[in-house]
A.B. asks: 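Before I ask anything, here is the structure I am working with.
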Amino acid sequence: MLIAKSQIPCQQPYERMVHEIVSSPVLEAISDHTGIKAKVQKLVENLTSDSPETLRTSTAELRLLTKIDANNRTLIADYGAISLLVNLLNSTDTKIQENAVTALVNLSIDNNCKSIIVQANAIEPLIHVLQTGSPEAKENSAATLGSLSVVDDNQVNIGRSRAIGPLVDLLKDGTPRGKRDAATALFNLSLLSENKPKIVEAGSIKHLVKLMDPATGMVEKAVTVLANLASTDEGRIEIVREGGIPLLVDTIELGSARAKEYAAAALLWLCGITSRYCIMAIQEGAIPPLVALSQSGTARAKEKARALLSCFSRNKLTSHC
């Protein structure tokens with residue numbers, strides 16, 4: 001019944017394709033790459049300026065460049081921009097902070113940049129943005145943490161920081177995009193066993209269960225995290241307490257292929273522990289969708305569905321359907 005970590009890929013945040021600058025002097029340089037190195041060098045030098053206007057302009061142009069292509073991201077990192085952008089996460093100027101954190105999330109797509117961002121001691125400043133920034137800055141801070149947490153060592157470091165509580169707060173109160181980014185980060189962090197109790201204790205499960213409502217558009221995001229947390233005693237108790245079993249059954253019947261797979265995995269964790277949870281699942285109508293899933297789901301979904309049906313049969317509970 002154990003879900004092997006090696007079989008569960010981390011989730012990467014999607015590239016920040018909206019709320020971007022639509023015109024900039026950088027665009028002329030991008031078109032033919034003429035003078036791009038000199039331009040980047042000048043922009044990076046400007047990140048040490050005392051002028052708020054210079055910082056707004058320079059961070060905005062670097063933000064744009066970081067989303068254009070991988071070569072730009074490498075060049076910007078090579079010129080030493082990352083540590084300076086990390087420093088600007090503590091700026092009291094909203095636009096400077098937004099531009100800096102958005103540039104960092106774009107840079108974090110690159111694996112080498114991930115390492116440089118962590119080495120620049122970015123985790124605590126990212127948490128600061130997560131707690132105090134504008135809605136857009138919070139979204140991109142959560143997305144950066146989600147991107148960094150793809151790396152195993154970073155799951156340890158982020159989990160041992162103060163990040164989990166603010167991520168759960170964003171899951172509760174954030175914009176739709178912020179909630180998605182928080183869920184991605186929490187999913188990656190929940191792949192590490194020592195982080196699971198922390199995520200549960202931070203009150204995540206009641207918010208994840210609420211996000212299982214199809215109207216939120218976040219069923220798949222929420223159920224993947226719940227499936228990981230269901231492997232802990234605390235997680236199972238909270239999932240049942242918050243009314244998660246009916247929603248898991250609904251997802252097995254009506255969710256996407258991936259959501260069905262993770263819902264079955266979560267339900268298997270619950271039902272494999274006690275027959276009481278089996279009875280609750282059966283009373284919610286779990287058997288017909290599980291039979292269907294055992295025949296037509298993904299390979300992993302079929303495995304989980306068949307294991308659940310065997311669990312019901314083993315406990316002689318099918319008469320409860």
Side-chain angles (χ1 to χ4, degrees), residues 13 15-16 19-21 24-30 33 35-134 136-151 153-154 157-158 161-163 166 181 185:
E15 295 186 39
R16 316 319 259 177
H19 305 305
E20 297 290 358
I21 301 142
S24 165
V26 170
L27 291 175
E28 289 85 19
I30 293 170
H33 292 277
I36 187 67
K37 290 185 178 180
K39 183 68 177 178
V40 168
Q41 183 176 13
K42 179 61 176 174
L43 290 172
V44 173
E45 289 172 356
N46 286 346
L47 296 181
T48 61
S49 172
D50 293 327
S51 164
E53 186 55 40
T54 298
L55 289 172
R56 288 187 204 107
T57 301
S58 298
T59 54
E61 295 188 355
L62 285 168
R63 167 182 174 165
L64 178 61
L65 278 170
T66 58
K67 84 162 192 172
I68 299 299
D69 62 36
N71 291 332
N72 285 342
R73 291 191 282 271
T74 300
L75 183 63
I76 289 166
D78 287 346
Y79 273 108
I82 287 176
S83 62
L84 299 174
L85 290 167
V86 169
N87 290 340
L88 292 174
L89 296 180
N90 291 311
S91 174
T92 57
D93 185 290
T94 299
K95 289 310 297 181
I96 294 171
Q97 187 184 69
E98 285 178 358
N99 291 335
V101 74
T102 307
L104 286 170
V105 73
N106 290 338
L107 286 164
S108 75
I109 296 167
D110 181 274
N111 287 331
N112 291 329
C113 288
K114 284 181 174 69
S115 298
I116 300 171
I117 292 168
V118 172
Q119 290 165 8
N121 298 314
I123 293 175
E124 286 299 324
L126 286 167
I127 294 170
H128 169 71
V129 176
L130 200 55
Q131 292 176 311
T132 66
S134 68
E136 181 184 351
K138 289 181 178 180
E139 293 166 6
N140 291 340
S141 177
T144 306
L145 290 167
S147 181
L148 297 177
S149 63
V150 169
V151 179
D153 286 347
N154 293 341
N157 295 330
I158 295 170
S161 72
R162 301 176 297 108
D181 289 324

A.B. asks: Please step through side-chain contact (heavy atoms from CB on, under 4.5 Å) for the pair Tyr79 and Lys37, ending with a clear verdict.
C.D. replies: CA-CA 9 Å; Tyr79 273 108; Lys37 290 185 178 180; 3.8 Å; yes

A.B. asks: Can you give me the closest heavy-atom contact between Asp50 and Pro52, atom names plus distance?
C.D. replies: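 Looking at all heavy atoms of both residues, the shortest contact is O-CD, 3.3 Å.
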
A.B. asks: Counting only N and O atoms by type, is there a donor-acceptor contact under 3.5 Å from the side chain of Arg73 to the main-chain atoms of Leu107?
C.D. replies: no

A.B. asks: For Ser147 versus Ile109, what's the shortest heavy-atom pair and its separation?
C.D. replies: OG-N, 4.2 Å

A.B. asks: Can you sort out the partners of Asp78 under side-chain contact (heavy atoms from CB on, under 4.5 Å), two or more places apart, ordered by chain and number?
C.D. replies: Thr74

A.B. asks: Got Val150 and Asn111 here, is their nearest side-chain heavy-atom distance under 4.5 Å?
C.D. replies: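 No, their side chains stay 4.5 Å or more apart.
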
A.B. asks: Do Thr102 side-chain atoms and Asn99 backbone N/O form a donor-acceptor pair below 3.5 Å?
C.D. replies: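 Pair absent, no side-chain N/O of Thr102 close to backbone of Asn99.
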
A.B. asks: For Ser134, enumerate each residue passing the side-chain contact (heavy atoms from CB on, under 4.5 Å) test, keeping only those at least two apart in sequence or located in another chain.
C.D. replies: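 side-chain contact (heavy atoms from CB on, under 4.5 Å) check on Ser134 returns Thr94, Glu98, Glu136, Ala137.
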
A.B. asks: Are Gln97 and His128 side-chain neighbours, meaning at least one heavy-atom pair lies under 4.5 Å?
C.D. replies: yes

A.B. asks: Please report the interatomic distance CD(Glu61) to NZ(Lys42), rounded to the nearest 0.5 Å.
C.D. replies: 11.5 Å

A.B. asks: Do Asn87 and Thr48 come close enough that some side-chain heavy atom pair is under 4.5 Å?
C.D. replies: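 Result no, sub-4.5 Å side-chain heavy-atom pair not found.
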
A.B. asks: With rounding to the nearest 0.5 Å, note down the distance linking NZ in Lys39 to CD1 in Ile76.
C.D. replies: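 It comes to 12.0 Å.
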
A.B. asks: Measuring from Asp110:CG to Asn71:CG, what's the distance to the nearest 0.5 Å?
C.D. replies: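 With rounding to 0.5 Å, CG (Asp110) is 10.0 Å from CG (Asn71).
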
A.B. asks: Return each pair, listed once, that meets side-chain hydrogen bond (donor to acceptor under 3.5 Å, both in side chains) where at least one residue sits in residues 116-125; pairs must be two or more places apart or across chains.
C.D. replies: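 The answer is Glu124-Arg162.
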
A.B. asks: Which heavy atom in Ser141 sits nearest to a heavy atom in Ile127, and how many Å separate them?
C.D. replies: OG-N, 4.5 Å

A.B. asks: Test of understanding: with salt bridge (charged side-chain N to carboxylate O under 4.0 Å, His left out), list the residues that count as partners of Asp153, not counting sequence neighbours.
C.D. replies: none

A.B. asks: Hey, is the main chain of Gly146 close enough, under 3.5 Å, to the side chain of Ser149 for a donor-acceptor pair?
C.D. replies: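 Confirmed, Ser149 side chain pairs with Gly146 backbone.
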
A.B. asks: How close do Ala77 and Cys113 get, counting heavy atoms only, and between which atoms?
C.D. replies: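 Looking at all heavy atoms of both residues, the shortest contact is CB-SG, 3.7 Å.
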
A.B. asks: Got a sec, which residues hit side-chain contact (heavy atoms from CB on, under 4.5 Å) with Thr92, two or more places apart in sequence or on another chain?
C.D. replies: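 side-chain contact (heavy atoms from CB on, under 4.5 Å) list for Thr92, sorted by chain: empty.
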
A.B. asks: Is there a side-chain contact between Leu130 and Leu145, using heavy atoms and a 4.5 Å cut-off?
C.D. replies: yes

A.B. asks: Could you state the interatomic distance from CG (Leu65) to CG (Leu43), rounded to the nearest 0.5 Å?
C.D. replies: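 With rounding to 0.5 Å, CG (Leu65) is 6.5 Å from CG (Leu43).
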
A.B. asks: Considering only heavy atoms from C-beta outward, does the side chain of Ile82 approach that of Leu104 to under 4.5 Å?
C.D. replies: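 With C-beta onward as the side chain, the pair touches.
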
A.B. asks: Calculate, to the nearest 0.5 Å, the distance between atoms CD and CG belonging to Glu45 and Leu84 respectively.
C.D. replies: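 CG of Leu84 is found 10.5 Å from CD of Glu45.
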
A.B. asks: Pair Leu47, Thr59 - check side-chain contact (heavy atoms from CB on, under 4.5 Å), show working.
C.D. replies: CA-CA 7 Å; Leu47 296 181; Thr59 54; 3.7 Å; yes

A.B. asks: Hey, mind stepping through Ser91 and Leu55 against side-chain contact (heavy atoms from CB on, under 4.5 Å) and telling me if it holds?
C.D. replies: CA-CA 10 Å; Ser91 174; Leu55 289 172; over 6 Å; no

A.B. asks: Could you please spell out the steps behind the side-chain contact (heavy atoms from CB on, under 4.5 Å) verdict for Leu148 and Leu126?
C.D. replies: CA-CA 11 Å; Leu148 297 177; Leu126 286 167; 4.1 Å; yes

A.B. asks: Heavy atoms only: give me the nearest Ser58-Asn46 pair and the separation to one decimal.
C.D. replies: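 Looking at all heavy atoms of both residues, the closest pair is OG-CB, 3.0 Å.
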
A.B. asks: Among residues at least two apart in sequence or on other chains, which ones pass side-chain contact (heavy atoms from CB on, under 4.5 Å) with Ala100?
C.D. replies: Leu85, Leu88, Leu89

